[in-house]
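I have placed the structure first, in the form of structure tokens, so that the comments after it can refer back to it.
The sequence lines fix the lettering, A, B, ..., with proteins before strands; numbering per chain opens at 1.
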Number of protein chains: 2
Amino acid sequence: MPTRTGRPPKISRDAILAAAHRIVDTEGPDALTMRRVAREVGTTAMALYHHVRDKDDLLRLLLDDYAAGVPLPDPVSDDPAGRAVEAATAMRAALAPRPWIVDVLRADDLLARRALRFPEAIIDAFMTGGLDAEDAVDAYRIIWHYTAGEISARAAATRRRTDDRLTYREQVFTGLDPAELPRLAALGERWEELAGRDTYDKGLRALVHGLLR
Amino acid sequence: MPTRTGRPPKISRDAILAAAHRIVDTEGPDALTMRRVAREVGTTAMALYHHVRDKDDLLRLLLDDYAAGVPLPDPVSDDPAGRAVEAATAMRAALAPRPWIVDVLRADDLLARRALRFPEAIIDAFMTGGLDAEDAVDAYRIIWHYTAGEISARAAATRRRTDDRLTYREQVFTGLDPAELPRLAALGERWEELAGRDTYDKGLRALVHGLLR
DNA sequence: ACCTGAACACCGTTCAAGT
DNA sequence: ACCTGAACACCGTTCAAGT
């Protein structure tokens with residue numbers, strides 16, 4: 001049994017992650033600062049740097065934890081299109097309540113290690129549907145971009161709704177010149193109502209259909 | 001001619017915007033702080049608050065300026081699908097070099113006032129293609145989500161490429177269990193190459209086709 | 001009316017020192 | 001080996017005072 005030398009640890013990476021989870025779930029991602037996490041585990045912010053490389057590292061670890069807990073339901077469709085839709089819908093359902101995740105991994109159009117079941121299922125569905133590996137990867141990435149964009153937009157819209165100044169969009173729509181922008185002018189105030197609709201599924205089905213055609 | 005009273009202004013909103021443009025174009029959006037803008041126009045940060053409400057307001061004004069300068073080329077296609085693709089491609093081309101814009105207006109799936117030509121053209125194409133107003137708005141919003149997601153992802157990927165630690169994704173791909181994730185394991189290192197491809201057009205065409213079907 | 005200085009309440013991170 | 005305190009170099013914004 002190897003001898004550990006030096007001062008015994010007061011805190012652990014697990015304790016840090018648990019605290020981070022608590023904070024982000026109850027107070028949102030903006031409340032997640034190094035100082036706040038430190039307070040929660042009962043140390044100074046600087047002690048954290050002994051257990052995680054930096055804040056980005058913390059976020060990534062947090063993400064991987066979430067990913068592990070999200071189920072990918074067994075497919076119920078027989079056809080490839082249906083299976084792709086199911087997997088993408090599950091992926092979106094997992095992310096929608098935690099939109100900050102999208103911001104963390106935006107770049108990696110691949111999800112965290114323990115969430116790879118989602119791309120796997122989607123790529124598999126497309127390959128079963130007759131696409132070769134290249135086209136299936138393209139299809140997955142296209143769906144990822146669509147999903148990430150939709151989640152970000154919805155999250156921002158929700159944020160704005162709690163804001164006072166939802167006036168901007170109304171303001172944009174008053175006094176549109178029908179000669180210049182006939183379609184938008186005709187829509188008028190209906191935009192507000194139409195833009196609130198959840199169109200994810202509609203877009204997803206169009207996308208999958210178009211990609212498999 | 002109305003008599004203006006009080007101290008004459010040293011700076012103007014135009015001067016502030018011009019400075020902000022200079023900063024964001026040469027040093028990127030992260031360099032755009034109130035203090036930095038103030039230094040550029042030769043005042044203190046607090047003087048700015050007399051001309052813009054807050055930083056968000058400044059960003060929105062900046063955005064509107066950009067929007068005014070971006071051309072929407074005349075359509076060349078006869079068919080509605082082609083015109084929708086053209087307008088969306090122009091919109092993406094306008095945004096791609098300035099991905100921070102997407103972050104500013106994420107919520108408003110409608111663009112800034114002076115950029116309304118883009119949604120107008122896209123909605124018009126879909127309505128010409130036989131969709132009713134509701135479906136055309138849905139179609140536009142779906143395309144917007146896809147476009148915003150793609151731009152964000154590409155911007156983040158570029159940022160990461162200049163980073164040192166592009167190791168994370170490689171790391172994820174080493175030692176995948178082929179029993180658990182057969183498709184991804186088979187892809188192996190090819191992911192890196194495949195994920196670099198520009199798939200915007202492919203996805204856009206699939207989407208437009210699926211939406212008009 | 002417009003501008004200034006000082007201040008508030010924060011950030012992430014580094015670094016030298018302590019146990 | 002692990003933790004601490006002080007410090008660095010920032011943020012956006014408020015507020016009272018000056019011109």
Treat primed atoms plus P, OP1 and OP2 as sugar-phosphate and everything else as base, then score nucleotides 8-17 of chain C 5' to 3': B for base contact with protein heavy atoms under 4.0 Å, S for sugar-phosphate contact only, - for none.
---BBBB---
Looking only at heavy atoms, which two atoms of Pro178(A) and Ala185(A) are closest? And how far apart?
CA-CB, 3.8 Å
With a 4.0 Å cut-off on N to O distance, would you call Glu150(A) and Arg141(B) a salt bridge?
no
In whole angstroms, how far is the C1' atom of dG18(D) from the NE2 atom of His50(B)?
13 Å
Measure from the side-chain N and O atoms of Lys10(A) to the backbone N and O of Ala47(A), and report whether any donor-acceptor pair falls under 3.5 Å.
no
Is the shortest side-chain N/O distance from His51(B) to OP1 or OP2 of dC2(C) below 4.0 Å?
no
Dot-bracket for DNA chain D, please, read 5' to 3', with Watson-Crick or G-U wobble pairs under 3.5 Å on both distances, ( ) within the strand, [ ] crossing, | other strand, . unpaired.
||.|||||...|||||.||
Rounded to whole Å, please give me the gap between CZ in Arg13(A) and P in dC3(D).
14 Å
Lys55(A) side-chain N/O to Leu32(A) backbone N/O, donor-acceptor pair under 3.5 Å
yes
Is the closest side-chain donor-acceptor distance between Tyr140(B) and Asp124(B) under 3.5 Å?
no
For residues Tyr200(B) and Thr147(B), is any side-chain donor paired with an opposing acceptor at under 3.5 Å?
yes
Report yes if a side-chain nitrogen or oxygen of Lys10(A) is closer than 4.0 Å to either non-bridging phosphate oxygen (OP1 or OP2) of dT4(D); otherwise report no.
yes
With no hydrogens and no angle check, is any side-chain donor or acceptor of Tyr66(B) less than 3.5 Å from a backbone partner on Leu61(B)?
no
Using 4.0 Å as the upper bound for N to carboxylate O, is an ion pair formed by Glu180(A) and Arg117(B)?
no
When the C1' atoms of dA9(D) and dC10(C) are compared, how many Å lie between them, rounded to an integer?
13 Å
Can you tell me how far C1' of dC2(D) sits from CZ of Arg7(A), to the nearest Å?
6 Å
Tell me whether the OP1 or OP2 atom of dT4(D) has a side-chain N or O from Thr44(A) closer than 4.0 Å.
yes
